[in-house]
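Treat the numbers as computed from the prediction; the structure is a model and nothing was measured. All values below were derived from every heavy atom in this structure, side-chain atoms included, with hydrogens, water molecules and symmetry-related copies excluded. When a residue number appears, it is its place in the shown sequence, counting from 1.
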Amino acid sequence: MKIFNGWRRFIFGLPLLFILIHMYSVMDLYKNSKMEVPHRQLNKKLDHLILGPAAGQGLSNRLQCEGTKALNRTRASNSRLGLDESIAFVTVFTIYNSSLNNVNDKSSSIVVGNASYNKVDRSMAVLNVFINFIQVAMPKSKVFIVTDPASDLSVHRNRVSLYPIQGEYSRDKLMLQRIRSYIIFLESKLQKLHQKPRNITHYIFSDSDIAVVDDLGHIFSDHPNFDLALTFRNNKAQPLNSGFIAVRGTPDSILRAKLFLQEVLKIYSSKYLTASRMLGDQLALAWVVKSKPHFDASRFAKPQAFSEDIGGTSVLFLPCALYNWTPPEGAGQFHGMPLDVKVVHFKGSRKRLMLESWNFYSSSIDIEDMLCLILGSGRTKYDF
């Protein structure tokens with residue numbers, strides 16, 4: 001009888017056990033789905049700025065922010081260039097035929113502020129903001145836009161010139177072509193310099209998605225002996241970023257810089273042609289630099305400028321934390337934004353942030369508050 005009663009309790013309790021197991025499974029599934037939703041949202045490229053906490057708060061020598069209000073001031077630099085010296089920026093830029101085909105495609109339009117941009121408009125907007133920042137921080141500087149002669153590109157801005165150079169500007173070969181264009185550009189300027197030796201123009205070769213937020217003339221006056229300058233970060237695989245290269249404008253330095261870039265081009269062509277289209281030149285730069293016997297790569301771990309002779313070219317290494325600061329790394333290895341930051345690089349999916357930053361600056365005319373906007377919004381990926 002006792003055995004029968006035990007089996008009866010077991011049989012009546014069995015459905016309850018199945019119900020409990022089912023309820024637990026449903027709750028677990030619901031919990032996991034809630035965890036996955038934010039993950040999907042984080043990966044979504046947003047069409048508006050997200051202002052989050054600013055990295056580096058409480059750290060000395062870092063920009064301190066309360067929302068978009070700067071609580072301390074950045075340290076501005078003086079140019080200190082000689083009367084016969086000037087600086088010109090050089091960027092490679094082209095418009096692709098596939099973009100031109102989508103000019104009237106309203107589905108590809110994106111709104112930033114009060115303006116709507118198609119694919120071509122977006123590229124041109126980034127280029128114009130690039131020029132805007134230069135003309136605010138360094139109003140006496142010229143800008144050369146190296147482009148494909150076949151490109152339907154037109155820019156009408158003061159102190160801005162198109163510089164057509166024949167080459168292969170397709171997306172998959174653009175980084176390779178960029179080095180070739182830099183070499184051809186330097187060769188041309190070297191020839192003209194022999195004709196007018198009194199006028200010295202230093203050159204800064206950069207991506208067009210950077211914002212110059214301080215005068216860069218001090219690079220050439222504070223470091224009078226370098227030929228070519230690169231920016232570095234604490235990254236073992238890619239310690240050098242090719243988005244900012246400075247060349248001293250003397251005949252000897254231009255020649256040495258050209259020879260250095262020719263070596264980079266040779267290594268790129270022989271070793272890294274199959275690399276991702278945005279990485280080959282940076283891998284080639286690192287190879288050329290590290291190939292020097294006894295080169296101490298551990299110096300890349302500290303954000304302090306240093307110089308090294310690489311194959312007969314005096315190379316100045318400048319920290320990305322100051323001369324190539326990027327929003328994602330600002331929240332990571334840079335630990336916020338240094339007070340003396342000079343260049344902000346809107347790499348990847350942060351072109352919207354570049355345009356929004358210029359709009360913010362135009363309405364406030366306060367560079368530090370704008371930097372707080374960038375610092376608080378730069379971790380997010382945006383829609384272009």
Check the pair Val344 / Leu371 against side chain to side chain contact (heavy atoms under 4.5 Å, CB included), numbers first and verdict last. CA-CA 9 Å; Val344 177; Leu371 293 176; 4.1 Å; yes
Before you tell me yes or no, could you show the steps for Leu240 and Thr231 under side chain to side chain contact (heavy atoms under 4.5 Å, CB included), namely the whole-Å CA-CA distance, both residues' side-chain angles and the distance that decides it to 0.1 Å? CA-CA 6 Å; Leu240 302 172; Thr231 55; over 6 Å; no
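- Gln64 contributes a side-chain N or O that, together with a main-chain N or O of Gly56, makes up a donor-acceptor pair within less than 3.5 Å.
- Ser109 and Ser116 make their closest contact through CB-OG, 3.6 Å (heavy atoms, listed as atom of the first residue, atom of the second, distance).
- When every heavy atom of Phe300 is checked against every heavy atom of Pro239, the shortest pair comes out as CD1-CB, 3.5 Å.
- With respect to Asp209 and Lys347, no salt bridge is recorded, no charged nitrogen being found less than 4.0 Å from a carboxylate O.
- Annotation: cation-pi pair Arg248/Phe226 present, NZ/CZ under 6.0 Å from the ring centroid and within 45° of its normal.
- For Tyr203 and Phe185, the ring centers are positioned less than 6.0 Å apart.
- Taking a 6.0 Å sphere around CG of Asn158, one finds it holds 12 or fewer heavy atoms contributed by other residues, nucleotides or ligands.
- The existence of a salt bridge linking Asp309 and Arg256 is excluded, since no basic side-chain nitrogen approaches an acidic carboxylate oxygen closer than 4.0 Å.
- A cation-pi contact links Lys189 to Phe144, judged by a cut-off of 6.0 Å to the six-membered ring centre and 45° from its axis.
- Aromatic rings of Phe130 and Phe93 (six-membered ring for Trp) have centroids beyond the 6.0 Å cut-off, not under it.
- Counting only heavy atoms from C-beta outward, the side chains of Asn132 and Tyr361 never approach each other to under 4.5 Å.
- When every heavy atom of Thr380 is checked against every heavy atom of Arg350, the shortest pair comes out as O-NE, 3.5 Å.
- For the residue pair Ser188 / Gln191, no side-chain donor-acceptor distance below 3.5 Å is found, with atom types taken as modelled.
- No donor-acceptor distance shorter than 3.5 angstrom exists from the side chain of Gln238 to the backbone of Leu283, with no hydrogens or angles considered.
- Atom CD1 of Ile245 sits about 6.0 Å away from atom CG of Leu261, to the nearest 0.5 Å.
- The main-chain N or O of Ile210 is never found under 3.5 Å from a side-chain atom of His345 such that the two would form a donor-acceptor pair.
- The two residues Pro149 and Gln166 come nearest to each other via the heavy atoms CG-OE1, 3.5 Å.
- Here the CZ-NZ distance, from Arg159 to Lys140, works out to 9.0 Å after rounding to the nearest 0.5 Å.
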Start with the C-alpha gap between Lys258 and Asp227, add the side-chain angles, then the distance that decides, and say whether salt bridge (charged side-chain N to carboxylate O under 4.0 Å, His left out) holds. CA-CA 10 Å; Lys258 187 194 78 165; Asp227 301 313; over 6 Å; no
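- For the pair Leu174/Val92, a side-chain contact is recorded, criterion being any heavy-atom separation below 4.5 Å from C-beta on.
- Residues Val155 and Leu127 are in side-chain contact: their nearest non-hydrogen atoms beyond the backbone lie under 4.5 Å apart.
- Side-chain atoms of Trp325 come within 3.5 Å of backbone N or O of Gly336 as a donor-acceptor pair.
- For Thr91 (side chain) and Ser206 (main-chain N/O), a donor-acceptor pair under 3.5 Å exists by modelled atom type.
- Interatomic distance, CZ of Phe346 versus CD of Glu356, reported as 11.0 Å (0.5 Å rounding).
- For Arg171 and Tyr169, the positive end is not near the middle of the six-membered ring at less than 6.0 Å and at most 45° from its axis.
- Once rounded to the nearest 0.5 Å, the distance linking NE2 of His223 with OG of Ser307 reads 7.0 Å.
- With contacts defined as side-chain heavy-atom distances shorter than 4.5 Å, the pair Val343/Leu216 qualifies.
- Side chain of Ser151 to backbone of Thr147: no donor-acceptor contact under 3.5 angstrom is found.
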Run the numbers on Arg352 and Asp383 for salt bridge (charged side-chain N to carboxylate O under 4.0 Å, His left out), then give the verdict. CA-CA 7 Å; Arg352 168 179 287 276; Asp383 51 356; 2.8 Å; yes
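- The two atoms that bring His335 and Arg62 nearest to each other are O-NE, 3.1 Å, heavy atoms only.
- Between the side chains of Thr250 and Asp252, no donor N or O sits under 3.5 Å from an acceptor N or O.
- Inspection of the Ser242 and Asp281 side chains reveals an N or O donor paired with an N or O acceptor under 3.5 Å.
- At least one side-chain heavy atom of Leu190 sits less than 4.5 Å from a side-chain heavy atom of Pro251.
- Taking the six-membered ring for Trp and thresholds of 30 and 60 degrees, Phe232 and Phe317 have ring planes more than 60 degrees apart, a perpendicular arrangement.
- Side chains of Arg157 and Asn128: a donor on one and an acceptor on the other come within 3.5 Å.
- For the pair Ser269 (side chain) and Lys266 (backbone), a donor-acceptor distance under 3.5 Å is absent.
- No side-chain donor-acceptor contact under 3.5 Å links Gln304 to the backbone of Leu318.
- The CD1 atom of Ile179 sits 6.5 Å away from atom OH of Tyr268, with the distance rounded to the nearest 0.5 Å.
- Here the straight-line distance linking atom CD1 of Ile374 with atom OG1 of Thr326 works out to 11.5 Å at 0.5 Å rounding.
- Counting only N and O atoms by type, the side chains of Ser86 and Thr201 include a donor and acceptor under 3.5 Å apart.
- When hydrophobic clusters are built by joining Ile, Leu, Val, Met, Phe, Trp and Tyr residues whose side-chain heavy atoms come closer than 4.5 Å, directly or via intermediates, Val126 is grouped together with Leu162.
- In this structure the side chain of Pro303 never reaches within 4.5 angstrom of the side chain of Leu322, judged on heavy atoms.
- Val111 and Leu353 fall into different hydrophobic clusters, where Ile, Leu, Val, Met, Phe, Trp and Tyr side chains are chained together by heavy-atom contacts under 4.5 Å.
- What you find for Ser170 and Asp172 is that their closest heavy atoms are OG-OD1, 2.8 Å.
- The main-chain N or O of Leu316 is never found under 3.5 Å from a side-chain atom of Glu308 such that the two would form a donor-acceptor pair.
- Between Glu329 and Arg233 the shortest side-chain heavy-atom distance falls below 4.5 Å.
- Residues His202 and Ile200 have side chains in contact (heavy-atom distance under 4.5 Å, counting atoms from C-beta outward).
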